[in-house]
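Encoded as structure tokens, the structure appears first; notes follow it.
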Amino acid sequence: MILKSKDIIGLYDMEADEISYILDSAATMKQLLLQNAKKMPHLQGKSIVSLFYENSTRTRLSFELAAKYLGATFSNLGVSTSSVNKGETLLDTGKTIEAMGTDIIVIRHPLAGAPKFLGDNFSGHVINAGDGMHEHPTQALLDMFTMKEKFGRIKGLSVAIIGDISHSRVARSNLWGLTKLGAKVTLCGMDTMMPPGIGQTDAIVTNDIKEAIRDTDVIMALRIQKERLESEFFPSIREYHKFFGINEDVLKICGKDVLIMHPGPVNRGVELSSAVIDADFSAINTQVTNGVAIRMALLYILTRRKNDDA
Amino acid sequence: MTLKICGGEIVNPAGDKSGKLDILIEDGRIKAIGKDLGEASQTIDAGGKMIFPGFIDIHCHLREPGQEYKEDIISGTKAAARGGYTAVCPMPNTSPVMDNAAVCALVMERAKQAYTKVYPVGAATAGLMGKELTEMGELAAMGCVAFSDDGRPIENGAMMRTAMQYAATYGAFIMAHEECLDLKGKGVMNEGYYSTILGLPGIPRAAEEAMIARDIILAESYGLRVHIQHVSTRGGIEIIRAAKKRGVKVTSETAPHYFSGDDSLCRGYDARAKVNPPLRTCDDVEAVKQGLLDGTIDAIATDHAPHHRDEKNIEFALAASGISGFETAFSLAVTNLTDDAGLLARLFAANPANIIGKPGGVLKEGAAADITIADMNIEYILKEEDIISKGKNTPFIGQKLKGVVTQTIVDGKLVFDGEIL
């Protein structure tokens, strides 16, 4: 299968069968990942550059390992030390990286639409590793992969996403991806953290956490950006945890076994209690492993697309 | 030197002569309107076309002085003439700001070579900073028809009240750019479904409506006049409609893009659709049309905001706001609003003339011969390369439009006749 777009910008514009194909490919990649010798030839001769205008630990490292396990050359353009700080535009940075023979750029950017803009001006492939409040497609794909691994399906699952929906690219990408594959998505947070127009999507929206998690299969808690949000959108971490934090008491409401997920890094005792984070029904560490598998799959699918074109 | 326009249909809601009549022009003025006007040294065959009083654009940006790479008074008025305008009102947010007599004198001097009449709007406060009044008396005497901090709101309500009162002293008034910067926050497009899909910070409609309400209340409280610029929301229009019913001295304008496109045009991060106020929802588009049809909105003004290509070919949040509008305003109105020529004449000519208190907006014997001739039926695809303004930034490129200005006459001189003369 060949993806219709040369770039991975978001799940809003991706077809359901494309998403399924990526998830299936990731299952194969996970087999390779779990074997002893993690060096495969799939991306031999390919050059991948990461361009991160925002901090990241796991996403950047996970792309780097995925690229290296598959035999690609991987370079990280340290944005703080590059000419970006001298005022070079993203357009020109993209042209420069292109001129060095790069096949794929992985970009994280604080401005929504920056990866799309880069992709429109770069002949190779662009993968969005998170742009503003827009999308974080690889995170949502690894989340969906984790759910599929646990439940064997996406269709018919109930997924509750809890927290700052408004500023969350993870919530958006999951909403688009999960609903395309037939899951029911409930978004839960205080009204100050709900994006405008969310009622026009397929999401169920509530600010009652009990309602959100009662019959859910998956609880996905989002990271609260304490430093940015407190006092602007809610008065205190204390009150946030009291009404939207997930602890063992809250989980008693759930009618069945529930999978706990979080895109990380977790604020312990804020979005999730420590006991919940470390419980055996928490998939947080599995998500990290699956993140590498998903990124291996995407890198492979994109480079293969180029070969097919040629 | 005489010029005769033959065979067209005169659209003249503010005058007493209309219909299939000829116009004879001599020495820059309309000498006669009627039939069998005799020979002239030059004749325009306007058969099948509409003859309007010259269009007056009460809101545009000519970018001179300071940003001539975007547009200048010559290139801008060429584009305006092509759009059928015989007079334009450039806003003062130039560099330096037109907040003093020296900059005003430079603009007036350059305007002598312009292709249209230029009636500048002076800054209401020094540097558009909202802190100190400008010398409005002197600026009005030099030719400024109104005062505005366009591009920025006058945030402080007390300053707005003072500016409205001070302008009134000299027979002038404030054109208000309505935007509450606190409510706008970091917004770059209309707040709603599409801003959520695109993950872009939204500008709520309340940011515009709250300020419209404030300024209407100020005008009403003190018996002053205010003109509301680029109205874009249903709520704003309803506030204006109610105020007019109460007899408040308020006039308003909208721009063609607010009745021709909604916020879905921002999809794909198309920065050509980035404008301030932002393109709103399809419901607002309907309300803007209704407001124009029922007279709540008095005028169509272009808010012509030319930008350099590099300022639009960039991440959406970093892109400049504004749409190049002179050359598409009439077509967008015919295509998306109405083919009622009488209404178009009021919105493009008669009402704008009344708002700024300048002659024009009517075709009558003895008046300056400012005339716009248009073919209401020609259809065409808007192409970037056909735009003669330096600013090619419009989201309507590629669209099929209807209605074309064919000739523009300023003070009896044919300045546009299919091409700039």
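Residue numbers start from 1 in every chain, and the chains themselves are labelled A, B, ... in the order their sequence lines are given, proteins ahead of strands.
At least one side-chain heavy atom of A:L111 sits less than 4.5 Å from a side-chain heavy atom of B:L318.
Dense packing is recorded around CE of B:M159, with more than 12 heavy atoms of other residues, nucleotides or ligands lying under 6.0 Å away.
Highest contact tally toward chain A, considering only B:A271, B:G192, B:P204, is held by B:G192 [criterion: heavy-atom pairs under 4.5 Å]. With chain B as partner, the option from A:G199, A:G132, A:P195, A:A114 having the largest number of non-hydrogen pairs under 4.5 angstrom is A:P195. Interface summary for chain B: among A:L90, A:L175, A:I198, the most heavy-atom pairs under 4.5 angstrom belong to A:L90.
Checked against side-chain contact (heavy atoms from CB on, under 4.5 Å), A:V266 has the following partners two or more places apart in sequence or in another chain: A:H262, A:E271, A:L272, A:I277, A:I284. Taking A:Y240 as the reference, A:F234, A:F244 meet the ring-ring contact (aromatic ring centres under 6.0 Å, His included) condition, with sequence neighbours excluded. Taking the side-chain contact (heavy atoms from CB on, under 4.5 Å) definition, one finds that A:S158 meets it with A:K184, A:T216, A:D217, sequence neighbours left out.
Interface residue B:P201: backbone and side-chain heavy atoms are both found under 4.5 Å from chain A.
When all heavy atoms are compared, the tightest approach of B:L198 to A:A112 is O-CB, 3.3 Å.
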Please tabulate, one pair per line, the donor and acceptor atoms of chain B and chain A that lie under 3.5 Å from each other, or say none if there are none.
{"unit_1": "A:Y12", "atom_1": "OH", "unit_2": "B:Y193", "atom_2": "OH", "d": "3.2"}
{"unit_1": "A:H134", "atom_1": "ND1", "unit_2": "B:Y269", "atom_2": "OH", "d": "3.1"}
{"unit_1": "A:H134", "atom_1": "NE2", "unit_2": "B:Y269", "atom_2": "OH", "d": "3.2"}
{"unit_1": "A:R172", "atom_1": "NE", "unit_2": "B:T196", "atom_2": "O", "d": "2.6"}
{"unit_1": "A:P196", "atom_1": "O", "unit_2": "B:T196", "atom_2": "OG1", "d": "2.5"}

